[in-house]
Amino acid sequence: MTSTPQVPASTRPELRRSGTDRMLGGVCGGLAEYSGIDAVLWRVGAVGLTVTGGAGVVVYLLLRVLLPSAPLPADRSPSPLDQLVDRLHAALTGTRSGPRP
């Protein structure tokens, strides 16, 4: 009887808005952490979609609201806009967001 070696599942990070690589809201930074593609390329793609028809703005805003936020570093506190987006995310997804570390 032959046995096949068990291959561990890859540890892919959770899809979240980045807590460290943030320019506007951490969406492109979060996509970069999740996919392994540089955040600059995600930003260029968003700008390209915006310039070619305006879809980039809509997609970015939807992702900003729908993606949960990663914890911020200890020396940063969430902005009022981040707090509003987190409350909106919690209302849309039905999850409760606790205090950020």
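If you read the sequence from its start, that first residue is 1, and numbering goes on from there.
- Checking side-chain atoms of R17 against main-chain N and O of V27 turns up no donor-acceptor pair under 3.5 Å.
- Electrostatic pairing of D82 and R64 counts as a salt bridge here, judged by a charged N lying under 4.0 Å from a carboxylate O.
- Here E33 contributes atom CD and E14 contributes atom CD; the two are 11.5 Å apart, rounded to the nearest 0.5 Å.
- Remark: side-chain polar atoms of R16 are not paired, donor with acceptor, to backbone N or O of P68 under 3.5 angstrom.
- Between H89 and T93 the shortest side-chain heavy-atom distance falls below 4.5 Å.
- Atom CG in D38 sits 12.0 Å away from atom CG in L31 (nearest 0.5 Å).
- Nearest heavy-atom pair, G29 versus S18, reported as atom, atom and distance to 0.1 Å: C-CB, 3.6 Å.
- L24 is listed as a side-chain neighbour of Y60, based on a closest heavy-atom distance under 4.5 Å.
- Partners of S35 under the side-chain hydrogen bond (donor to acceptor under 3.5 Å, both in side chains) rule, at least two apart in sequence or in another chain, are W42.
- Across every non-hydrogen atom of T50 and V57, the tightest pair is OG1-N, 3.4 Å.
- Taking each heavy atom of A70 and G19 in turn, the nearest pair found is CB-N, 3.8 Å.
- By the criterion of side-chain heavy atoms lying less than 4.5 angstrom apart, applied directly or through intervening Ile, Leu, Val, Met, Phe, Trp or Tyr residues, L15 is not grouped with M23; the two fall into different hydrophobic clusters.
- Hydrophobic clustering of Ile, Leu, Val, Met, Phe, Trp and Tyr side chains at less than 4.5 Å, counting indirect connections, unites L67 with V59.
- Linking ILVMFWY side-chain heavy atoms closer than 4.5 Å, directly or via other members, places L62 and Y34 in two distinct hydrophobic clusters.
- In this structure, P78 and L72 have side chains that are in contact, with non-hydrogen atoms separated by less than 4.5 Å.
- D86 CG to S79 OG: the interatomic distance, rounded to the nearest 0.5 Å, is 9.0 Å.
- In this structure the side chain of R22 reaches within 4.5 angstrom of the side chain of S69, judged on heavy atoms.
- The two residues V85 and V65 have their closest heavy-atom pair at CG1-CA, 4.1 Å.
- Minimum heavy-atom separation, L49 to T52: O-OG1, 3.4 Å.
- Two different hydrophobic clusters hold V44 and L63 under the rule that ILVMFWY side chains link at heavy-atom gaps under 4.5 Å.
- Qualifying side-chain contact (heavy atoms from CB on, under 4.5 Å) partners for L84, counting only residues two or more places apart in sequence or in other chains: L81, R87.
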